[in-house]
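In listed order, ligands and their atoms are each counted from 1.
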Amino acid sequence: MAETTPRQLDVLIVGAGFAGLYLLHRMRAVGLSAHVYEGASGVGGTWFWNRYPGARCDVESMQYSFGWDEDLQQGWKWSERFAGQAEILQYANHIADRYDLRRGITFNTRIAAADFNEATGSWTARTEQGEAIAARYVVMATGCLSTARIPDFPGLKDFKGRTFHTGWWPHEPIDFTGRRVAVVGTGSSAIQSIPVIAEQAAHLTVFQRTPNFSIPTRNGPMDDEYEHWWKDGYAQKRVDARRTRTGILNRQSPQKAMETAPEERLDVYETRWKSGGTSFMGSFADLITSQEANDSAADFVRAKIRQVVNDPKVAELLCPTNHPIGTKRICVDSHYFETYNRPNVTLVDVKNAPITHLTETGLAWGDGAFAEFDDIVFATGFDAMTGTLTRVDIKGRGGETLKDKWEGGPQTYLGLMTAGFPNLFMITGPGSPSVLSNMIVSIEQHVDWITDCLVAMKSRGMATIETTPDAEAAWVAHGNVVAHKTLYPQANSWYMGANIPGKPRVFMPYIGGVDVYRDKCDEVAAQGYEGFRISQPAKVAQAAE
Ligand code: FAD
Ligand code: NAP
């Protein structure tokens, strides 16, 4: 079959979540030809795929939204303090329409491969359908949590009932009324969906391997006064948020827990618990660095679980004891622990009695235990941070694949590029604050940095940019040092790759803080892209000879 001429682009963008949408908008504004390829049939990424009951953001909507257009942020009205999935998806669609982005996106089309051509200093990508696309730059706006995963349980295909994964939820409403439902997993997705499913199901059985810390969201309709407070001086508040560790203005206390009198400490936790949400972790400055401080917060939450859950045995099972609080993504919920007081909900501990297999009618665990179900919901998470990137057959210099290069764990400089793969950028890649932050803030920062970089490349007549192996090695080493100053590596979390059998145990996001990281990126650019090698077109051709 004759090859069709590849589409020629300055920038190929992969993914039409918030990252891909904003990047396309910026590329157009600076006059670079760009096009987005997206596997889904619509925009929104995470919020397109994760339609499970109860899905909502854990960063308040006034902050989990774009801050780069004053008219947009003043005009958009969120209906709740923490918006639900449908409203966030509506917002993503609004962005696509308002900035006329859809004509620059090809939907239902996954990028399967991308090869770097050393002679031309550019990339040829290929879609799953076989279309070739030639682009000087490729930007992977493919998301950190976009490859959902169901454990390889024997008998999975034999089960005759309905199965779901929270990250691939169907578009039509799913009714659990009168049904026997199993939920596997107790991470954020499960904790949000369990209370809603329990209200419908005849009986809900939750299979828990590791209990999680969860804080009530105290969600409710958006308070007018609160909205006005945000919108009055919104631009400055966004600037202030970018100067925090997490990209969230959340009243981070500078005080240390163990330097605070015990009664006062409890008062602080109680106040944060009552106001709800992830800002609980901002109660004290040392919660992720001091074991003693962390224990005081963890004890407080465990006491709350014991207060809420009527059956003491169930309460004990729900109390997390094997990781410091906050070292797995802290969950937020609406009536999660209370749900275990319902007569139609059963908690099954599969820590010591793991799920063994599925049959045509149900699920088996431990030493011969079995229950029949009509529906099984897998809330079993994602091959996070690297899984989506390494599933694309990306070949850099000398034909080296990204998958091979990252076999021992991801290596990047600033989470933006990886050595040996010139002109290939990642948005919120491993080695950047990404999933430890308000991701919208981190997405904006990466998109803006990459845009400035590409404009500088164009104005200086440069053809390729790539990180040097030395800069990359130093950044990876720095990332490890910073991570190991905290309690994070103690947890078997997806941050560490621990949820995927055989995945290397490396702490993947950068924990030094959004503020520190932004300064570092700005300084690198100001120093003429320190740590990057930049070549002119002639040099690219020479290097290939
Ligand atoms: P995504 O939204 O993941 O979009 C990536 C897109 O790339 C997807 O549409 C995917 O289909 C596409 N894609 C991937 N590979 C390919 C390919 N090879 N070819 C073509 N297309 C491809 N973060 C927060 O800060 N606060 C929150 O409250 C929050 N809540 C979350 C709730 C859930 C349920 C989940 C799963 C994540 C949540 N996150 C949250 C993280 C969330 O992923 C980010 O906030 C943000 O939406 C990521 O946007 P993105 O554009 O970078 O990636
Ligand atoms: P997750 O945190 O990885 O949770 C997966 C759950 O499945 C865990 O409880 C895990 O147990 C369990 N599991 C996996 N394999 C299992 C097996 N073989 N047997 C039994 N249990 C098994 O995934 P997630 O809940 O989808 O959340 C992922 C991330 O997405 C979150 O951390 C967060 O960043 C984001 N998110 C945010 C929100 C929000 O509040 N806005 C909502 C959803 C998701 P173990 O812990 O023992 O591995």
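Only one option out of W76, Y234, F18 pairs with F66 in a ring pair (Phe, Tyr, Trp, His ring centres under 6.0 Å); it is F18. With W365 as the partner, the ring pair (Phe, Tyr, Trp, His ring centres under 6.0 Å) test is satisfied by one option alone out of F207, F370, F153: F207.
Nearest heavy atoms, G396 versus F421: N-CE2, 3.2 Å. Taking each heavy atom of V441 and G247 in turn, the nearest pair found is CG2-O, 3.5 Å.
Counting heavy atoms closer than 4.0 Å to ligand 2, residue C331 contributes nothing at all. Contact annotation for Y495 and ligand 2: no heavy atom of the residue comes within less than 4.0 Å of the ligand. Only the side chain of P151 comes within contact range of ligand 2, with a heavy atom under 4.0 Å; no backbone atom does. Residue-level proximity to ligand 2 for K328 is carried by the side chain, the only part with a heavy atom below 4.0 angstrom.
Under a 4.0 Å heavy-atom criterion, Y64 is not in contact with ligand 2. Using a 4.0 angstrom heavy-atom cutoff, F207 does not count as in contact with ligand 2. For the ligand labelled ligand 2, residue Q208 lies outside the 4.0 Å heavy-atom shell. Using 4.0 Å as the threshold, F153 has a heavy atom nearer than that to some atom of ligand 2. The closest approach between K351 and ligand 2 stays at or above 4.0 Å for every heavy atom of the residue. At least one heavy atom of T380 sits less than 4.0 Å from an atom of ligand 2.
A donor atom on one side chain and an acceptor atom on the other are not found under 3.5 Å apart for R329 and N212. Side-chain contact check for T244 and Q252: no donor-acceptor pair (N or O, by modelled atom type) lies under 3.5 Å. Side chains of S434 and S442: no donor on one and acceptor on the other come within 3.5 Å.
Atom OG of S61 and atom CD1 of I88 lie 6.0 Å apart (nearest 0.5 Å).
Of the protein's non-hydrogen atoms, the one nearest atom 35 (C) of ligand 2 is L145 CD1, 3.9 Å. Taking atom 26 (O) of ligand 2 as the reference point, the nearest protein heavy-atom neighbour is S189 OG, 2.7 Å.
Polar contact with ligand 2: absent for N212 (N/O pair, distance under 3.5 Å). An N or O contact shorter than 3.5 Å is missing between V332 and ligand 2 by distance. Some N or O of T186 is nearer than 3.5 Å to an N or O of ligand 2, by distance alone. By the 3.5 Å distance cut-off applied to N or O atoms, N499 is not counted among the residues near ligand 2.
Ranked by closest heavy atom to atom 37 (C) of ligand 2, the top entry among P211, S188, S434 is S188.
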Go ahead and list the nitrogen or oxygen contacts between ligand 1 and the protein that come in under 3.5 Å, distances to 0.1 Å, or just say none.
unit_1   : atom_1 : unit_2 : atom_2 : d
ligand 1 : 2 (O)  : T46    : N      : 2.8
ligand 1 : 2 (O)  : T46    : OG1    : 3.3
ligand 1 : 9 (O)  : E38    : OE1    : 2.7
ligand 1 : 9 (O)  : E38    : OE2    : 3.0
ligand 1 : 11 (O) : E38    : OE2    : 2.6
ligand 1 : 11 (O) : W49    : NE1    : 3.1
ligand 1 : 15 (N) : R110   : NH2    : 3.3
ligand 1 : 18 (N) : I111   : O      : 3.0
ligand 1 : 19 (N) : I111   : N      : 2.9
ligand 1 : 21 (N) : G39    : N      : 3.1
ligand 1 : 25 (O) : M439   : N      : 2.8
ligand 1 : 26 (N) : D58    : OD1    : 3.3
ligand 1 : 28 (O) : D58    : N      : 2.6
ligand 1 : 28 (O) : D58    : OD1    : 2.7
ligand 1 : 43 (O) : T46    : OG1    : 2.7
ligand 1 : 45 (O) : Y64    : OH     : 2.6
ligand 1 : 47 (O) : Y64    : OH     : 3.1
ligand 1 : 51 (O) : F18    : N      : 3.1
ligand 1 : 51 (O) : A19    : N      : 2.9

